[in-house]
Amino acid sequence: MRLRSSGENGSHVFNQNLKITQLGKSGRVEEAIQVFIEMSQKNVVTYNSMISAYAKNGRIVDARRLFDKMPHRNLISWNSMIAGYLHNDMVEEAHGIFVSMPKRDSFSWTLMITCYTRNGELEKARELFNLLPDKRDTVCWNAMIAGYAKKGLFDDARRLFDEMPVKDLVSWNSMLAGYTQNGEMRMGLHLFEEMPERNLVSWNLIVDGFVEIGNLDSAWQYFKKIPNPNAVSWVTMLCGFARNGRIAEAEGLFKQMTDRNVVSWNAMIAAYVQDCQINKAFRLFSEMPERDSISWTTMVNGYVRVGKLEEARKLLHRMPYRNIAAQTAMISGYVQHKRMDEASQIFNLICTRDVVCWNAMIAGYVQCGRMAEAQFLFDQMTNKDTVSWNTMITGYAQVGLMDKALEIFEAMGERNIVSWNSLITGFLRNGLYLDALKSSRMLWQEGKRPDESTFACGLSACASLAALQVGKQLHQLVVKSGYVNDLFVSNALIAMYAKCGRLFNAKLVFKHITNVDVISWNSLIAGYALNGYGKDAVGLFQEMLMEGVHPDQVTFIGVLSACNHSGLVDQGLDLFESMTEVYSIEPLAEHYGCLVDLLGRAGRLDEAFKMVREMKIKPTAGLWGALLGASKIHQSLELGEYAAKKLLELEPHKASNYVLLSNMHAEAGRWNEVERIRVFMKERTTEKQPGCSWIEVRNQVHSFLSDDPSQPRIAEIFSILRTLTAEMKNIGYLPDFISSIDIL
DNA sequence: CTAGGGTTAG
């Protein structure tokens, strides 16, 4: 055997080092580790490369471990570690490295400055920048300029830009990015014309700027003018189309692209996912030559979006590596379906939990109204961000504990507009209009202005309260503030008008939207369904399909409930089938609920019962309730009793369930049973919250609690109720035995 | 003496 010369050996190490870097850059960190382990000889570059590979793939802990145990460190090792922390948004740790390193060069300084600018700490960045006048190179200037520009501090950026000794293309592009990323396209174009030379980055910034402000025509015009568009240009344009629902055009671009990379594939998959075309998304996912963690995460998200949690979970387990984004997507999937046990299983699997996954869990408990558990997690969090605080505010507001919501609001350090929105919406939802108004004024006093979401939230609160007057006032404010063309606001307006029975207004708002999305259609369809116009709702649904908009889970809740309200049995069954077969959307309890009710009312009790028994999900109380109701109408005591048994297992404390069962027996003349149930009911029901209803008259909300002697106009109410009951009897309505006793 | 670390576009 011949001994290899040291030169050959050296070039081998050289090549392996290169490989580690490349694998790290393309997200294939596992393969990089493999190469690293198999190398018999390593030099300092090998370690440095591996540190970067780890850090670029979110494995900052491994990067640090390697850094700590490597035999010799050079300046680049220290810099790589700072860069690693920069990539992982860990500014404090980066600073720790920065202060303890033996020597610093301009790379080190620039890295640290970038850490601060990315973190929004412009003052600290500037402080560092000022500390090293002699070592500042062009890159360092550029970093500082980019920091100012990105934050929209154009004057500061411009001052440095004019001051700097040598400008390069990146300096120009950094200024340009400031304008385009802040929606200042007039200024951006001006600079673009002024630039001594342009590269693809400059062109792509312009296209992206137009995409961001929703001006697809201009984006397209500039895209076409790009001399040699690269993958970034194509992806930017593709995402622009996708985001505006123009999926066909996005598809066309994807097909035309010559140099597709992972990002291009990911973008197209994301476009399909966004349009709920999960099967097309999966086909691309299977076809693509290589997948990175974004590809996997997008697919998991896609399945979550259409409610296919099983598919999502399978995919998550098939992933070649663990990825926190995908795990968080899975968590939010479970959270949306209130499956907190499974969510928390995934949560427990994550070793280094970030804020986002904590927030997802908290949001989950909040949505289930389990505030104690939400608070428990919240208290444990060491790195709360505004999202965490805001979620807690929303949570307490939702369960009616506005005192707690306010307490959280007041305890938080930095409030953003969402914090205010959560608080104001909370007040609105709880009918505390005056407090909402007061908070809105305070918001103005703090120099903040209501934004799109302030209005969208406010309007959705009005929708859930059916508070038309306040809703209308908000609509006027929307017009005055210039948010009429915002899609979120428009959709909230549709929902509000629809819920208040003003279908004409809802339709009017709908017609004014330039780019309706699936949510706009959903709101309108649900509105028609809610107000009893089942056929129109189904008609709208068909219109929506003709327009090429893909329905989602919510669409089907709307259109199925439309069929339900209008007794369109066969159409409902057909639609339900197409939902799973054609659109591959997984039915939720709500969908089954519509169908069971629909079949039940039509007297097709066997089919209804069969559906409940055979469905994939666990039957909810609502489903048994629907079955019980149907059994009562069609006098099927046997099925009714079975449904009631199941129902009472799930909700033993709810009085209305006993009333339903009791009425059924009353109708069948089984008075012993009626009496027995009444006794049961007295024993078991612990209704803490009395039934509550409200109406809005002349800007004021009047609420009614059951058994509430303090209601000021109780006598009038009773007198009107008696009149109404008499009239109902006159036109042939026979009131239920028990409920009539309760009223009269 | 080519590799490894910093600024601008997906």
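So you know, we letter chains A, B, ... as the sequences are listed, proteins then strands, and number each from 1.
Using a 4.5 Å heavy-atom cutoff, the side chains of A/Asn204 and A/Leu200 are in contact. Between A/Phe254 and A/Arg260 the shortest side-chain heavy-atom distance falls below 4.5 Å.
For a distance-only test at 3.5 Å, the side chain of A/Asn43 qualifies as a donor-acceptor partner of the base of B/dA3. For a distance-only test at 3.5 Å, the side chain of A/Thr110 qualifies as a donor-acceptor partner of the base of B/dG6. Side chain A/Asn230 to base B/dA9: a donor-acceptor pair is found below 3.5 Å. Scanning atom types as modelled, no donor and acceptor separated by under 3.5 angstrom connect the side chain of A/Asn142 and the base of B/dG6. Within 3.5 Å, no donor on the side chain of A/Asn266 pairs with an acceptor on the base of B/dG10, nor the reverse.
Protein atom CG of A/Leu176 is 9 Å distant from nucleotide atom C1' of B/dT8, rounded to whole Å. Counting to the nearest Å, the P atom of B/dA9 and the CZ atom of A/Phe192 are 15 Å from each other. When the C1' atom of B/dG5 is taken as reference, atom OH of A/Tyr85 falls 15 Å away, rounded to whole Å. Atoms CG (A/Leu66) and C1' (B/dG4) sit 13 Å apart, rounded to a whole Å. What separates CH2 of A/Trp109 from P of B/dG5 is a distance of 22 Å, to the nearest Å. Note: CD1 (A/Ile206) to P (B/dG10) measures 13 Å, nearest angstrom. Remark: P of B/dG4 and CG of A/Leu23 are 13 Å apart, rounded to the nearest angstrom. The CZ atom of A/Phe129 sits 19 Å away from the P atom of B/dG6 (whole-angstrom rounding).
Distance from the side chain of A/Leu86 is smallest for B/dT7 among the nucleotides B/dT7, B/dG4, B/dG5. Minimum atom distance to the side chain of A/Leu200 is reached by B/dA9, of the listed B/dA9, B/dG4, B/dG10. Comparing B/dT7, B/dG4, B/dG6 by their closest approach to the side chain of A/Cys140 singles out B/dG6. Ranking B/dG4, B/dT8, B/dA9 by closeness to the A/Val170 side chain, first place goes to B/dT8. In the set B/dA9, B/dG5, B/dT7, the nucleotide with an atom closest to the side chain of A/Leu75 is B/dG5. Set against B/dG4, B/dT7, B/dG5, the side chain of A/Asn48 has B/dG4 as its closest nucleotide. Relative to the side chain of A/Lys25, the nucleotides B/dT8, B/dG5, B/dG10 differ in distance, and B/dG5 lies closest. Of the listed nucleotides (B/dT7, B/dG6, B/dA9), B/dG6 has the atom at the smallest distance from the side chain of A/Ala83. When distances are taken from the side chain of A/Asn204 to each of B/dG6, B/dA9, B/dG4, the shortest belongs to B/dA9. Taking only side-chain atoms of A/Ala177, from C-beta outward, the nucleotide of B/dG10, B/dG6, B/dT8 with the closest atom is B/dT8.
At the heavy-atom level, A/Ile76 lies under 4.0 Å from base atoms of the strands shown.
The side chain of A/Gln181 contributes no N or O atom lying less than 4.0 Å from OP1 or OP2 of B/dT8. Proximity of A/Lys150 to the phosphate of B/dT7: no side-chain N or O atom is located under 4.0 Å from OP1 or OP2. Close to B/dG5, at under 4.0 Å from its OP1 or OP2, lies a side-chain N or O of A/Lys56. Under 4.0 angstrom from either OP1 or OP2 of B/dT8 there lies at least one side-chain N or O belonging to A/Arg118.
By the 6.0 Å contact criterion, CD on A/Glu163 is enclosed, its count of non-hydrogen atoms from other residues, nucleotides or ligands being greater than 12.
Under the 4.0 Å criterion applied to side-chain N and carboxylate O atoms, A/Lys280 and A/Glu251 are assigned as salt-bridge partners. In this structure, A/Asp155 does not pair ionically with A/Arg158, as no charged nitrogen and carboxylate oxygen lie closer than 4.0 Å.
Ring geometry for A/Tyr222 against A/Phe210 counts as parallel: the plane angle stays under 30°, on a 0 to 90° scale with 60° as the upper cut.
In this structure, CD1 on A/Ile278 lies 12.5 Å from CG on A/Asp552, to the nearest 0.5 angstrom.
Under the stacking definition used here (centres under 5.5 Å, planes under 30°), the residue A/Phe14 qualifies as stacked on the base of B/dT2.
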